[in-house]
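Only one structure is covered here, and it is reproduced in the block below.
The shown structure was predicted, so the numbers you read here are calculated from the model rather than taken from an experiment. Letters go in sequence order (proteins before strands), and every chain restarts at 1.
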Number of protein chains: 2
Amino acid sequence: MLKEWVKGERPSDEEISERLEKARAALAAKQIEIKEKGLPVLVILDGWGAAGKGSVLGRVIKGLDPRFFKCETLSQPTSEETRRPFLYRYFVRIPAAGKISFFDGSWMGEVTARYMSGDISEKQYHSHLISIKRFERQLNDNGYLVVKFFFHIDEKVQRKRIEALLEDKNTRWRVSKGDLQQNRHYKETFKVFDTYLETTNQFAAPWYFIDAESRKWSELQLTEILLSSIDTALSNMESQKSAPQIQNIFPMKHIPKLSEISLDKSISEEEYKKTLDSLQKRLGELHNELYRKKIPVVIAYEGWDAAGKGGNIKRVAAALDPRGYEVHPIAGPEPAEKSRHYLWRFWNRLPKDGHIAIFDRTWYGRVMVERLENLCTENDWKRAYNEINEFEKELADWGAVIVKFWVHIDKDTQLARFTDRQNTPEKQWKITDEDWRNREKWDQYEVAVDEMLQKTSTDFAPWHVLESNDKKYARIRALQIIIKSIEKKLGK
Amino acid sequence: MLKEWVKGERPSDEEISERLEKARAALAAKQIEIKEKGLPVLVILDGWGAAGKGSVLGRVIKGLDPRFFKCETLSQPTSEETRRPFLYRYFVRIPAAGKISFFDGSWMGEVTARYMSGDISEKQYHSHLISIKRFERQLNDNGYLVVKFFFHIDEKVQRKRIEALLEDKNTRWRVSKGDLQQNRHYKETFKVFDTYLETTNQFAAPWYFIDAESRKWSELQLTEILLSSIDTALSNMESQKSAPQIQNIFPMKHIPKLSEISLDKSISEEEYKKTLDSLQKRLGELHNELYRKKIPVVIAYEGWDAAGKGGNIKRVAAALDPRGYEVHPIAGPEPAEKSRHYLWRFWNRLPKDGHIAIFDRTWYGRVMVERLENLCTENDWKRAYNEINEFEKELADWGAVIVKFWVHIDKDTQLARFTDRQNTPEKQWKITDEDWRNREKWDQYEVAVDEMLQKTSTDFAPWHVLESNDKKYARIRALQIIIKSIEKKLGK
């Protein structure tokens, strides 16, 4: 792709200055529109070392209102970041609606450098390329504008620039080891960049090459392309509220419908106590091993109101070392969360490797409550099945143990528990009007839950239905399933 | 991508038979829904030689109604087809709404084989990959379901299959030279396939790998994936009428707005005659050279009613050898054309190499009359700018000379010509009520034309505005521009 690229003709300096003045003014005006219409914009500057990304970025932002944009320089991941999935540090930095984020360097730099140094295998590299394509497409599908620039200079120009920087005491620090190495292995790097660019060049987020031999000309190319990209995105916002669902490509596990599940399973008090003790002990041991081996665990709880999620989670948590787990109760999103991709708040809550995160309600809210209460569009929730599968695939590729529970009861049991809560003063806080309203929508929820189970029970993150008419039985099952999943990952 | 693929577990024969029975029945039922809802479906079977594509296809279609599907075996292009852009023979075969087309072999086979044999260069190969991605995405954006299967077997299995086929007199003919060569160079071919698959794997048309060691299992995988793909496509049809515009990545030529163009240019009768003669003579000579060098020419005429398109075309055609050109007057689409991608009828009218096609009105109807008369959705015409640029890029990559004219007059001149037509008996056929209605929408048309000129005046296919208040002046200009464009291509 880079190989086939043909540099356009550079206009005269006079023309560049004239067009630049116009383009700068237009971009300054455009940021107001971005703000008003709530468009989130992610601008990525990649390319060769010493190609002038940093200084061009410095010029571009000069005319912008600092309240509306942010610059991020993404070089090496911190030690905290390396303990998360590789997309983590990028996902948590996506802009809010109405804001522009400029990334000086992106996942491209990280991934190609790690591949060339042998830090990740060929296989991991290609898996990362797929992750990147999914990430950029998801942003686009969720209304983000993603504009990717590659600053190109040839081997000679790069060498001259590096030499010039090295000669001057004041600029010497700007030449990194990576830059020097890149120039020494220019041809090899070129090949890797070329494949990366071709593979990640997608219609939802195409690559733009910047002829970076002159700063002013670079700035003009970037600004003009950015302007036309913003116009297209704003026009899409107006006439197109969402992107179509894409095809599922993940292998699925067979899972029965809720109506096919018998709820008559139970356990005696005596057996419960005995089994609970031994299972909790076992889970505690495994937690230590997970911690030593740096394997992360994500446990997701969904289920009917009053199905016994809270008590179930309590029994799991009781077995764990408090320094190594966290429970995340999930309610409606905060304003900062609402103004971003709906999975953002879950990316932010991912555990470090070796740690366990337990989610009391999850990202599946998108295809249940948000679907049924019209908190998102039909296309939003229809698209979400695949988006969630892709999210969980990131967790699986990272090496996480993923356990997803649907805590299941029948309608009568729910009524009995609601009534009990209503009539028992110390339990009254647990029952709200909303619970009753949700109960009225039981049948609609059942349709949504069935569809969710069918469409998101992937090979790598299958659902488990916990029969919870007998809460104790469900607790034992949950512990057994968690233990088995961890043991499988540990090769036991 | 192929490299990283992990074969799923093959179910028991019993389970396969059981699921297959269900899946076949479901597919037979689904074709009615496809027909009723008007979904066009393109199913592509690619993969290794002797992987069983043909026989699986034979099984799949057994249960289907032959009125609703078509099978195409695409091996070598005919000599007629090689004289057209490489996508031509695929584009003209796309299914109509409500029909399924099965392609036994696709552009993948042609392109990878030509690349491996050295028939096309590395650069051409990568340019073809981009064309393929555009083609598949355009189909998807225009409501087509494109399902791509790759039948995979390993080197050993392929060798055994080929040997078995060769041993039997009745099957010997099914082993092609290509199959033998493929097996001999399995590893090399694998690498090329792998890159092809990774590059052309896009969300709009993902690749599905079929573990092709058993026929029945192959059929089951294909049928189940096809079914779920159809469901997603039908669901998108319901809730999503169109795809968003994508970003422009083509370099643009600056072009003034219509209102900035002065229309006072004219030519004397004497000079007209003299110049016309010499230009026509020159064009005739160039036509011969084009024919010898097999360079195709596409000339597109758009313009205001009564602007003088007809007379202009006449003067160009008069200079040409009638065996080497064709004029295509474009009216509203026929039913067979309406039920396919709107560019289909233009792909069908492309000239052979060395020939000239003159279009009297063109594919730009999409962003003018279809836009203003609501004959397509807003997203359809907004998307069309890029789709048309991509179409013309195919023509340019093929080596065509592309000349696009906007024949321009002012409103007063149009009125004078309309009135003249009205009052002259032998010209009355040229003026209709529709012309008067269009005239009332002049201002709306002007907005649409300006937008069209701005968004489709690419580097490789720029617009030329012909000032045609003086028709003779416009004819001379047209001939000059055509001649210059051809001379440029011929390196003169």
Side-chain angles (χ1 to χ4, degrees), chain A residues 1 3-4 6 8-9 122-127 129-130 133-134 137-138 140-141 143 145-147 194-195 198-199 201-209 224-225 228-229 231-233 235-249 251-252 377-379 382-383 385-386 455 459, chain B residues 1 3-4 6 8-9 122-127 129-130 133-134 137-138 140-141 143 145-147 194-195 198-199 201-209 224-225 228-229 231-233 235-249 251-252 377-379 382-383 385-386 455 459:
Chain A
M1 185 169 180
K3 222 161 27 194
E4 289 87 25
V6 184
E9 219 175 297
E122 176 95 22
K123 198 176 153 172
Q124 281 174 306
Y125 178 57
H126 284 272
S127 150
L129 293 185
I130 295 175
K133 283 169 77 172
R134 288 181 183 141
R137 192 217 71 238
Q138 275 209 21
N140 181 75
D141 287 354
L145 168 61
V146 181
V147 194
D194 195 38
T195 305
E198 182 156 7
T199 309
N201 190 42
Q202 45 183 347
F203 300 107
W207 278 105
Y208 291 96
F209 293 118
E224 287 188 340
I225 291 168
S228 97
S229 302
D231 278 337
T232 303
S235 158
N236 272 329
M237 261 189 127
E238 249 172 65
S239 61
Q240 186 79 16
K241 295 295 171 229
S242 56
Q245 298 166 75
I246 61 168
Q247 297 292 345
N248 173 54
I249 52 131
M252 289 288 154
T377 70
E378 184 182 341
N379 269 100
K382 283 191 169 173
R383 248 176 27 238
Y385 299 114
N386 176 62
K455 293 197 167 166
D459 248 13
Chain B
M1 185 171 177
K3 219 160 31 195
E4 289 87 24
V6 185
E9 220 176 299
E122 176 97 22
K123 196 175 154 175
Q124 280 173 307
Y125 178 59
H126 285 271
S127 151
L129 293 183
I130 296 175
K133 284 170 76 171
R134 288 182 184 143
R137 192 217 71 238
Q138 275 209 20
N140 181 76
D141 286 354
L145 168 61
V146 181
V147 194
D194 195 39
T195 305
E198 182 156 7
T199 309
N201 190 42
Q202 44 182 349
F203 300 107
W207 277 105
Y208 292 98
F209 293 116
E224 287 188 341
I225 291 166
S228 95
S229 302
D231 279 338
T232 303
S235 158
N236 272 330
M237 261 188 125
E238 249 172 66
S239 61
Q240 187 79 15
K241 296 294 170 232
S242 56
Q245 300 166 75
I246 62 169
Q247 296 292 345
N248 172 54
I249 54 131
M252 289 289 155
T377 68
E378 184 183 342
N379 269 102
K382 282 191 171 175
R383 249 174 30 236
Y385 300 113
N386 177 61
K455 293 197 169 166
D459 247 12

message: Any non-hydrogen side-chain atom of B/Ile130 less than 4.5 Å from a side-chain atom of A/Glu4?
response: no
- line: When rounded to the nearest 0.5 Å, the distance separating CH2 of A/Trp207 from CD1 of B/Ile249 is 14.0 Å
- line: For A/Glu224, the side-chain contact (heavy atoms from CB on, under 4.5 Å) test, sequence neighbours excluded, returns A/Arg19, A/Ala23, A/Leu220
query: What part of A/Ile225 lies closer than 4.5 angstrom to a heavy atom of chain B: side chain, backbone, both or neither?
result: neither
message: Under 4.5 Å from any heavy atom of chain B, what part of A/Glu378 do you find: side chain, backbone, both or neither?
response: side chain
query: Is it the side chain or the backbone of A/Lys123 that comes within 4.5 Å of chain B heavy atoms, both, or neither?
result: both
- request: Report yes if the side chains of B/Gln247 and A/Leu145 come closer than 4.5 Å at any heavy-atom pair, otherwise no.
  value: yes
message: Within the 4.5 Å heavy-atom criterion, are B/Asn379 and A/Asn236 side-chain neighbours or not?
response: yes
query: Are the side chain of B/Lys133 and the backbone of A/Asn201 linked by a donor-acceptor contact shorter than 3.5 Å?
result: yes
message: I need the minimum non-hydrogen distance between B/Asn248 and A/Tyr208, along with the two atoms involved.
response: O-OH, 2.7 Å
message: Distance check, rounded to the nearest 0.5 Å: B/Thr232 atom OG1 versus A/Tyr385 atom OH?
response: 11.5 Å
statement: Greatest number of non-hydrogen atom pairs under 4.5 angstrom with chain B, of A/Glu122, A/Arg137, A/Arg134, A/Gln202, falls to A/Arg137
